[in-house]
Each structure stands twice: as C-alpha cells, then as structure tokens.
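I have placed the structure first, in the form of structure tokens, so that the comments after it can refer back to it.
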Amino acid sequence: MLVQPIMDNASLAGAFEEIATLKELQGEDGFRSQAYRNTARRLETLTQDAAELVRTGTIKDQISSLGKSQLEVLGQLVSQGSSDLLNDLRARTPPGHLQMLKIAGIGPKKVRALFQELGVTTLPELASACETGKVAALKGFGAKTQAKILEGIAFVTTSGQRVRLDQALFLATALLTRVREFPGVSRAELAGSVRRRRETVKDIDIVATAESPTELIAAFVSWPGVRSIAGQGETKASVVLEAESSTGRLSLGGRLTINADLRVVSPSQFPFALNYFTGSKEHNVLLRQRAQARGWRLNEYELEGHTEICTDEADIYKALGLAYVEPEMREGTGEDSAAEAGKLPSLVKSSDIRGVFHNHTTASDGADTLEAMALAARELGLEYLGIGDHSQSLTVANGLTPDRVRQQWNEIDALNARLKGITLLKGTECDILPDGSLDFDDALLAGFDYVVASVHTHFGQTREEMTERICRALEHPMVTMLGHATGRLLLRRDAYAVDLEAVMKTAARTGTMIEINANPMRLDLDWVHCRRARELGVLLVINPDAHSREELAYFTHGVDVARRAWLTAAEVYNTKSVQEVLADLALRRKQQPV
DNA sequence: GCCGTTTTCGGCCCGACTGTTTTCAGTCG
C-alpha cells in the first residue's frame, strides 16, 4: 500500500520558503522568488489544511495569488511529498550556501560572487578564504566586509538564532525604559514582532522621538549589555545585546544573544514609524496598497498626499478607511477586510482572565505548596485557582495516587473554608495513556471539579495512533479540557505527530475545551491552530501550567496567543466568574453520569 | 511568478545604512 505523504501547512510553507531562497541563490529575478515567499507566508497562517484544499481543488479560493507554476509545485508536494522544482534547485545549490545567508551582511548576490570567484561552498571554506585575505580582494568586497564575515560565521555557529518572546520581552522592556528615561525623549514604544507578540522573535525594535537623536543613539550603543554595534547612523542604531537568560523550569538557561534596533524620528513621524516598524511586512503591504488606491503614498514618515494630521496609529487606519487593528492581528491574514467591514473582534485582555485551571503544587512536581499558590493567585487578582497536579503513572513528576488525591481534596476543602477572596478548584492533569484511556478510574475522576487530560509519554507513536489516542480521551465524559495539545517545546522539541484538525473537530463535537498552554516554552495550541479551533467552535481555555507561584503570571502569554487568534473574552472559558465556572462545571458533571 | 478601471507587458512597497565606490549595489527590515 502506498503511504500518503503527510504535508502539513508548516511543511508546505517550508518547501516554498526554500524554493524562494534557492531561486535567489541561483540568481533568478527577485520578484519570482518573492512570489514563492508570499505563498509560504500564506500557507503558514492558513487555518485550514492546505493539502486537503489542494486535493479538492479549492486552494486558490484561499490563496488567490497561486498561478500555474506554484499550483504544480503544490500538487506535487501534496501527492508525492516532494517537488521536481525543489529537488532540482537543491541539487544545484551547495547546502553551505543556505547557511551563508544567515551571516549578517551576506545576501544571495554575495554568496554567488564568493562561489563563482572563489568556489566557496561551505562555512569552513568561507572562513579559510577570509583568513587568507582572498575575500577582501574580490570586487565589491573589502577588508571590512571580510572581517564582518568572520565575525558573522562565529555568531551564526554559536548563536544568532530566534529567541523566545518572554525572554526578548524581558530585555526589550528594560531597554524601552532606558530609552524613555533619556532626556528629551517624549515618545518611545516597542515595535516589530515583539509588539505583535510572535512566539519567537529575531530582534527587538524600538521607535522613539528625541530632541537630540544623535545623543540618544550614542547613548543607546553604549548601554550595558551591548556586546557589539552592528550599525550606527543619524536616525537608527543596531546593536547585539547579550544577557543572562531567564532560568524558568523548562528553560535551558545560559546566555542570550539578540539584536536590538533603535529608530529615532520626529514627533510628527512617530505614528507612521511605529506603524511601519511594527509590521508585519504583509500587513504593511496591505496598508500601502490601500494608500495607493487613494492616490497617496505610505512610508515610515508620512502618508504623502493626505492632509489631515495623524497623531497616533488609529488616525492612520482611519485615514485608510479602517478600524484600528491591534498589533497582534497585523499578520496579513484578512485583518484589512475585517477592519474595513467593521468586523474586527474585540480581543480578550489579560484583565478579563478571572481564574486558571492547570497548575502544579509540591504534591507533584511544583515548587510551591497549595496554600502558597492560592495566596499568589489571589495576589494576582484571580478569583479561582484550579489545581491540576500530575496523575499516578507519571512517577517522574511525582504523580498523585488515588489516596493522595483524596488527601489533597481534604486540604483544598480546608483552605477554601479558611481563605477569603480565592476559591480553589479540585482538578487533575490526568495522563492520557498510550491507548487513549485515562490514568484514573471513572469513580475517582467523578470526584474532581474538572479534568485536564494530557499526553506525557510515548511521543513516538504514529500520527494515526496519537490522533486516535487523543480523540479517545476527548470522548471520555469526564474530560473537561485537553492539555498542551501537541507537546512541543519552542526551539527545543517539535510537536509529536498528530492530526490536529481531527482533534479539534472531535473537541468541537464533544464540547471538550482545548487549552492554550501559556507556559512561554510551550504556547500550545499555537495561534494559527487556535484560530482554526475558534472557527470550528471549540471553547478555549488559557492555563499557565504554573509550577511555582511566579509562573502563575504566565497566563498573560496565553492571552497574547488568544489575541493573535482573534479570540474575544466570550470565547475563552476562564473569563467567566467563579460562580459561572462552578455552575458550568457542575452542569457538565450532571450531563455526563458515570 | 503573477497580475490587469491607463491589461498581456511592465511593474511589483520603500528608505536607511554600509562598504565599496566615486555614484551605487547589496543588504536589511
């Protein structure tokens, strides 16, 4: 039997991205490769299964810019798992050339020159060519370029990768504070993917106004934490920051290296610069096209041709006939037409969250006691705190036996009687065993207020096995919500193989919630699938998966994901009050007799 | 590679910075 290759949207996007890059390296016209790159972006953010749309011949309804060539590539990728064009390009391009592109200041033209003039195909060969002075002698290169390439090779091989949002946000906020405190700075904001709250970012962007741009820029490049200066001009500076990484439970720690850019503009330019540098690139293109259609030109300084003054971003959107688009929605995925039609959702906010369900205590693998967690939750302004310690089979995490579960219930009852202003809920993070059954029997499960069901073992199952396993758990009447649906750890471990579309459809049918695991190492569901879940009518719930008091605040990262998925407060379960939640959970129990 | 209310070819978003050049190409965002 022929096995159908599984090309999910991310794999298809990866293939198109690679085609675009390889075409550039082959010296093809930039607009041709851009066409493939645009398709990659659309595939990344497509909420439906692209392979299925290709099979049913309806993909062009979703990605209208597909022509004959790209449709053929898509068709081959879906039916064969590979594409003639991609294979051909790969065969003609040394793999080292892709790595060389990661060096700052090196683009496709320089890679080609290095290959044609010096025959360089790998990073070590490039390093050696630099060390022997051959690179500096090339036309268009020089001593400085050669030195930068050597630095770049060291940077690429040691770090220079994407950074988790929470880590970047921590540094970015500190940097922003310094900028705002600098004399003569009246406005300063974070921009770029940090402001849009992407789950991982490549650099930090700050836009500011200053009475003396030169002084601000000079100060910026000399602040503590700046390891090197990548560029310094009249209006912009670019530096490499180095700092101790945070050491959260799932973090590897170590040093963190990230680029930071500062742009200084005049007060009247500020809203345009902030908007431009917030992006995304795709969103900017949509705005520019709208400006063009009105006979204006939009750039990072002004809306040329438009006479009314814009003092903030909302004025720009208004001028373009749009409602204000929150940064998290600026991904070029239909926010322009929604804004034009006045159909943008009112996004959920962190202040809407009134409780959380998936948290651990010292009873399993948490760092803080039940009471300490309860007090910390109250301090955060939450009305309820659900405890979801691990279940018995997860011995590595000190999973609770039924006896210890009952003991915890007694402690919760006692604390609820004693503590004011916070209600503890009895939950469990119950393992989904390899066959899809649950780690506790139904009689015990019936005693909880709710059940979070999660996969922690046997990640190597086939996609079919894993999908069936999770769906079976969702069918279980006692399961309230699915924990971290894909098991991924950002920048560390890929998701296990699972058909999320099938999982989400099952959840929609059974009324089971899906968690947005807000631990910044996970953010699982991711925002794209979260948006699909919303389309399918799945109720979502934001959980910090806190293993300590401090980690309770992680729920804000989940709110960021929810906002990127266009979720309103009504579509997130834990915006309900404690009374509503208690009533709803009781109702769910009654409808599902054991 | 794709597109079309100046349509089937010419244009596609646009400016800053760098390093090399001596007026600009390449890179980046």
Side-chain angles (χ1 to χ4, degrees), chain A residues 16 19-40 42 60 63-74 85 100-114 135-149 151-152 191-196 198 201-207 213 217 221 229-239 259-265 269 272-293 295-304 320 332:
Chain A
F16 271 74
I19 289 173
T21 307
L22 292 172
K23 273 181 172 290
E24 280 178 343
L25 285 170
Q26 289 296 324
E28 278 204 38
D29 170 41
F31 290 109
R32 291 187 173 207
S33 70
Q34 193 57 42
Y36 283 90
R37 190 154 279 132
N38 288 339
T39 301
R42 291 287 294 115
K60 209 168 154 43
I63 309 178
S64 58
S65 61
L66 288 172
K68 190 161 163 280
S69 306
Q70 296 195 66
L71 279 173
E72 191 187 332
V73 172
L74 260 182
L85 174 64
M100 284 159 66
L101 285 180
K102 292 183 180 152
I103 300 169
I106 295 285
K109 302 268 171 61
K110 286 208 160 77
V111 172
R112 273 175 70 74
L114 289 163
V135 171
L138 289 182
K139 184 164 185 273
F141 292 74
K144 282 194 176 178
T145 306
Q146 181 171 274
K148 276 186 86 170
I149 290 176
E151 257 179 58
S193 46
V194 173
R195 182 166 181 237
R196 300 201 313 281
R198 275 199 58 169
V201 302
K202 224 174 68 188
D203 52 23
I204 293 168
D205 289 287
I206 294 178
V207 179
I217 284 171
V221 300
I229 303 169
Q232 182 180 0
E234 300 271 304
T235 63
K236 105 168 230 197
S238 192
V239 299
N259 288 298
D261 291 349
L262 171 69
R263 268 129 183 140
V264 189
V265 296
Q269 293 168 337
F272 298 99
L274 177 61
N275 186 249
Y276 182 88
F277 291 113
T278 296
S280 66
K281 208 183 285 182
E282 292 74 24
H283 180 77
N284 286 356
V285 168
L286 293 173
L287 294 189
R288 277 162 193 277
Q289 285 169 345
R290 291 188 71 87
Q292 252 187 351
W296 305 329
R297 282 160 62 89
L298 180 64
N299 59 31
E300 58 261 57
Y301 304 120
E302 60 175 342
L303 183 51
E304 197 185 312
L320 295 173

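Chain letters run A, B, ... following the sequence lines, proteins first, then strands; residues in each count from 1.
Qualifying salt bridge (Lys or Arg N to Asp or Glu O under 4.0 Å) partners for A/E234, counting only residues two or more places apart in sequence or in other chains: none. Applying the salt bridge (Lys or Arg N to Asp or Glu O under 4.0 Å) test to A/D261 and every residue at least two apart in sequence or in another chain returns A/R263. Partners of A/R297 by salt bridge (Lys or Arg N to Asp or Glu O under 4.0 Å), not counting sequence neighbours, listed by chain and number: A/E304. In this structure, the side-chain contact (heavy atoms from CB on, under 4.5 Å) partners of A/S193, at least two apart in sequence or on a different chain, are A/R196, A/R198, A/V201.
Taking atom C1' in both B/dT7 and B/dC3, the straight-line distance is 9 Å, to the nearest Å. Separation of the C1' atoms belonging to B/dC12 and B/dC17 is 24 Å when rounded to the nearest angstrom. Spacing between B/dG15 and B/dT6 at atom P, rounded to whole Å, works out to 23 Å.
Syn is the conformation of B/dT7, whose glycosidic angle sits no further than 90° from 0.
Contacts classified as salt bridge (Lys or Arg N to Asp or Glu O under 4.0 Å) and involving residues 277-291 of chain A (residues at least two apart or in different chains) are given here: A/R290-A/E340.
Among the heavy atoms of the strands, none lies under 4.0 Å from A/K139. A/Y276 comes within contact range of at least one nucleobase, with a heavy-atom separation under 4.0 Å.
Shown here, B/dT8 forms no base pair; nothing in the strands shown gives a Watson-Crick or G-U wobble contact with both key distances under 3.5 Å.
Inter-residue side-chain proximity for A/Y36 and A/F16 is flagged as met; some heavy-atom pair is nearer than 4.5 Å.
Taking the 5' to 3' direction, DNA chain B first and last meets chain A under 4.0 angstrom from a heavy atom at B/dG1 to B/dG29.
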